[in-house]
Undergrad: 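Encoded as structure tokens, here's the structure I'll be asking about.
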Amino acid sequence: MSWDSVYTLVKKIPRGRVATYGRIGKALKLPGGARAAGRAMAACPGGQGIPWHRVVGAGGRLLLRESRVSLQRKLLESEGLQVVEKRIEDFASREWLPSAMDRRVELKRKG
DNA sequence: CATCTGACGACCG
DNA sequence: GCGGTCGCCAGAT
């Protein structure tokens, strides 16, 4: 399985925004959904401009292991996001939705 | 080939 | 909110 489509999508996540494994898996119709997105990110090659830290779990939770979550948190905070108890504050308005269709939902939700 | 291990998430008690 | 179950699958050993 090639995870290129996942990395390509992740690269599109704007600075200061985050996307979830579930959304990514669904948007790309990956077999296995969210878990597939997780596997892809686990195998994510470094040093290629992939903003891996902008991918979080459902509800805006940070799911990485302690050894890595500290860096993720640091990177997210450096982009202006607030992380409290391994969770993105105000996640609903910080979530970036992949497809054009989902964007309408986002705009609608924002009001 | 058998087995184990995950960067998930919805659901339920 | 917390812990357990289940669906689902690529790599590593």
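Each chain gets a letter, A, B and so on, in the order its sequence line appears, and its residues count up from 1. Excluded from the calculations below are hydrogen atoms, water molecules and symmetry mates; all remaining heavy atoms, backbone and side chain alike, are included. What you see is a predicted model; the values in this text were computed from it and never measured.
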Undergrad: Is there a side-chain contact between E77(A) and V83(A) (heavy atoms, below 4.5 Å)?
TA: yes
Undergrad: Which nucleotide wins on minimum distance to the side chain of M41(A), given the candidates dG7(C), dA7(B), dA10(C)?
TA: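 Nearest to the side chain of M41(A) among the choices is dA7(B).
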Undergrad: Provide, to the nearest angstrom, the distance between the CG atom belonging to L28(A) and the C1' atom belonging to dC9(C).
TA: 16 Å
Undergrad: Out of dA10(C), dA7(B), dG9(B), which has the shortest distance to the side chain of R68(A)?
TA: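 Of dA10(C), dA7(B), dG9(B), dA7(B) is nearest to the side chain of R68(A).
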Undergrad: Please state how far atom CZ in R35(A) lies from atom C1' in dG11(C), giving the value in whole angstrom units.
TA: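 About 14 Å, once rounded to whole Å.
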Undergrad: Among dA7(B), dA10(B), dA10(C), which nucleotide sits nearest the side chain of Y21(A)?
TA: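 Closest nucleotide to the Y21(A) side chain: dA7(B).
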Undergrad: Let's see if you can work this out: which of dA10(C), dA7(B), dC8(C) has an atom nearest to the side-chain heavy atoms of W3(A)?
TA: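 For the W3(A) side chain, the nearest candidate turns out to be dA10(C).
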Undergrad: Between atom CZ in R23(A) and atom P in dA7(B), what is the gap in whole Å?
TA: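 Taking CZ of R23(A) and P of dA7(B), I get 23 Å after rounding.
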Undergrad: Please report, rounded to the nearest Å, how far the P atom of dC8(C) is from the NZ atom of K26(A).
TA: 16 Å
Undergrad: Taking the side chain as C-beta and beyond, is there a heavy-atom pair between P98(A) and K12(A) under 4.5 Å?
TA: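 Contact flag for P98(A)/K12(A) side chains = no.
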Undergrad: In whole angstroms, how far is the C1' atom of dC8(B) from the NZ atom of K86(A)?
TA: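 Spelled out: NZ on K86(A) to C1' on dC8(B) is 16 Å.
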Undergrad: In whole angstroms, how far is the C1' atom of dC9(C) from the CE atom of M1(A)?
TA: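 Roughly 9 Å, once rounded to whole Å.
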Undergrad: Which residue in the set R94(A), R73(A), K74(A), R54(A) passes salt bridge (Lys or Arg N to Asp or Glu O under 4.0 Å) when paired with E79(A)?
TA: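 Running salt bridge (Lys or Arg N to Asp or Glu O under 4.0 Å) over R94(A), R73(A), K74(A), R54(A) with E79(A) returns exactly one hit, R54(A).
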Undergrad: What nucleotide among dA7(B), dC9(C), dA10(B) has an atom nearest to a side-chain atom of R39(A)?
TA: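 Of the options given, the side chain of R39(A) lies nearest dC9(C).
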Undergrad: Starting the side chain at C-beta, find the nucleotide from dC9(C), dG9(B), dA7(B) nearest to P31(A).
TA: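 Out of dC9(C), dG9(B), dA7(B), the nucleotide with an atom closest to P31(A)'s side chain is dC9(C).
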Undergrad: L64(A) CG to dC8(B) P: how many Å, rounded?
TA: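 Interatomic distance, CG of L64(A) to P of dC8(B): 8 Å.
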Undergrad: Can you tell me if E89(A) uses its side chain to pair, donor with acceptor, with the backbone of Q82(A) under 3.5 Å?
TA: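 Not at all, since once roles are kept as given, no pair shorter than 3.5 Å links the two residues.
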Undergrad: Would you mind reading off the distance between R87(A) atom CZ and dC8(B) atom P, rounded to a whole angstrom?
TA: 15 Å
Undergrad: Less than 4.5 Å apart, side chain to side chain, heavy atoms only: is that true for I24(A) and V6(A)?
TA: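 Yes - at least one pair of side-chain heavy atoms lies under 4.5 Å apart.
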Undergrad: I'd like the P distance from dG7(C) over to dA7(B), given in whole Å.
TA: 22 Å
Undergrad: Just to confirm, is there a sub-4.0 Å distance from OP1 or OP2 of dG6(B) to any side-chain nitrogen or oxygen of R65(A)?
TA: yes
